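Written out below as structure tokens is the structure these notes cover.
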Amino acid sequence: MADLGFARVDLTREERTGFPEAIFCPGKTPREIREIARALLERTSSPVILTRAGSRVFKEVRHLSPEASYHPRARLAVLRRHQGPPLGTLGVLAAGTSDLPVAEEAAITAEACGAQVLRAYDVGVAGLHRLLAEADLIARADALVVVAGADAALASVVAGLTPRPVVAVPTSAGVSPGLPGLAPLLSMIAACSPGVAVVGVDNGFGAAAFAIRLLKARGEGTD
């Protein structure tokens, strides 16, 4: 642990859990974010990811690493990526274009942490032929992250097409009665296809974290 006074930075999280410490930016000052990022870069070899990061935050930290990249749609900054061969192949599917910020958060996080990512976007069940056209991608993936709002039926349909684990991400996009994202969340939890794990609304990062653990466990099981 690195005690910075305002934060206790977990330097061994990847060793313990298989997924590295990340920096959640809202509520932190640019200076605090910079110092946490510096500690992770200097004292670990893990990927360094900043979530829900604005362009101002990236300007504060980009000088810390020659690898630094910013992804405004996903609101992610990546300062260091996984070193070594890919852990496996992750398919990331999004039902509609409005779901892309969450899908890209999942995809870029997974890439930074060692997955080879295959993307299929705007493949919602309102046009089922679009999903069926991606059958090869679904078959090639070792695990899948499915992002959808509205009725969120895409997760259940995908899980009925593949033996691979499916991580479902409900989004707040689309028309939903009550709290934003509640309808797709309940729909995914009640999926009729078995084998669907569900994370919180708009939590693409959490979906990627779970998927990376799945890929690592799969790799360890083949040793």
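Note that this is a predicted model, so its numbers are computed, not measured.
In terms of modelled atom types and a separation under 3.5 Å, the side chain of Lys28 and the main chain of Phe24 share a donor-acceptor contact. Without hydrogens or angle criteria, Ser193 side chain to Ala159 main chain gives no donor-acceptor distance under 3.5 Å. In terms of modelled atom types and a separation under 3.5 Å, the side chain of Arg81 and the main chain of Cys113 share no donor-acceptor contact. Proximity of a side-chain donor or acceptor of Asp3 to a complementary backbone N or O of Arg8 within less than 3.5 Å is not detected. Of the possible donor and acceptor atoms, none in the side chain of Arg75 sits under 3.5 Å from a partner among the backbone N and O of Glu105. Formation of a donor-acceptor pair under 3.5 Å by the Gln116 side chain with backbone atoms of Gly88 is not found in this model. Proximity of a side-chain donor or acceptor of Glu14 to a complementary backbone N or O of Pro20 within less than 3.5 Å is not detected. Without hydrogens or angle criteria, Glu32 side chain to Thr29 main chain gives a donor-acceptor distance under 3.5 Å. Side-chain N or O atoms of Tyr70 include one that pairs as donor or acceptor with a backbone N or O of Ala53 at under 3.5 Å. A distance-only check finds no donor-acceptor pair linking the side chain of Tyr121 to the backbone of Thr97 [under 3.5 Å].
Ion pairing between Glu67 and Arg80 fails under the 4.0 Å rule for side-chain N and carboxylate O.
Heavy atoms of other residues, nucleotides or ligands lying less than 6.0 angstrom from CZ of Arg16 number more than 12.
The CD atom of Glu21 lies 9.5 Å from the OG1 atom of Thr44; values are rounded to the nearest 0.5 Å. In this structure, CD1 on Ile23 lies 15.0 Å from CZ on Arg52, to the nearest 0.5 angstrom. Rounded to the nearest 0.5 Å, atoms CG (Leu137) and CG (Leu93) are 6.0 Å apart. The CG atom of Leu64 sits 8.0 Å away from the CZ atom of Arg34 when rounded to the nearest 0.5 Å. Rounding to the nearest 0.5 Å places OG of Ser45 at 11.0 Å from CG of Leu40. Taken from CG in Asp136 to CD in Glu134, the straight-line distance is 8.5 Å, to the nearest 0.5 Å.
Minimum heavy-atom separation, Ala148 to Leu154: CB-CB, 4.3 Å. Shown here for Leu79 and Ala37, the closest heavy-atom pair between the two residues is CD1-CB, 3.8 Å. Across all their heavy atoms, Cys192 and Ser156 have their closest contact at SG-OG, 3.4 Å. For the pair Pro85 and His82, the tightest heavy-atom approach, listed with the atom from each and the gap, is O-NE2, 3.1 Å. Gly204 approaches Val169 most closely through the heavy-atom pair N-CG1, 4.1 Å. Residues Leu100 and Ala94 approach most closely at CD2-CB, 3.9 Å, considering heavy atoms.
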>> Before you tell me yes or no, could you show the steps for Arg31 and Glu60 under salt bridge (Lys or Arg N to Asp or Glu O under 4.0 Å), namely the whole-Å CA-CA distance, both residues' side-chain angles and the distance that decides it to 0.1 Å?
In response: CA-CA 8 Å; Arg31 174 188 167 274; Glu60 189 73 24; over 6 Å; no
>> Working note: Thr89 + Leu118, criterion side-chain contact (heavy atoms from CB on, under 4.5 Å); need CA distance, chi angles, decisive distance, verdict.
In response: CA-CA 7 Å; Thr89 302; Leu118 306 175; 3.5 Å; yes
> Does the pair Val196 and Val158 meet the rule for a side-chain contact (heavy atoms from CB on, under 4.5 Å), with working shown?
Replying inline: CA-CA 9 Å; Val196 178; Val158 171; over 6 Å; no
>> Run the ring pair (Phe, Tyr, Trp, His ring centres under 6.0 Å) test on Phe19 and Phe205 for me, step by step, so that the C-alpha distance in whole Å, both residues' side-chain angles and the decisive distance to 0.1 Å come before the verdict.
In response: CA-CA 11 Å; Phe19 194 80; Phe205 174 83; 5.5 Å; yes
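There is a path of hydrophobic side-chain contacts, each under 4.5 Å, that joins Leu185 to Met188. When the side chains of ILVMFWY residues are joined at heavy-atom separations under 4.5 Å, either directly or via intervening members, Val145 and Ile108 end up in two distinct hydrophobic clusters. The hydrophobic clustering, which links ILVMFWY residues whose side-chain heavy atoms are closer than 4.5 Å, places Val201 and Val198 together. When hydrophobic clusters are built by joining Ile, Leu, Val, Met, Phe, Trp and Tyr residues whose side-chain heavy atoms come closer than 4.5 Å, directly or via intermediates, Val102 is grouped together with Val117. Both Val48 and Ile36 are assigned to one and the same hydrophobic cluster, defined by single-linkage of ILVMFWY side chains at heavy-atom distances under 4.5 Å.
Two residues are said to be in side-chain contact when any heavy atoms from C-beta on lie closer than 4.5 Å; Leu131 and Leu161 meet this criterion.
Judged by distance alone, the side chains of Asp202 and Ser172 do bring a donor and an acceptor atom under 3.5 Å apart.
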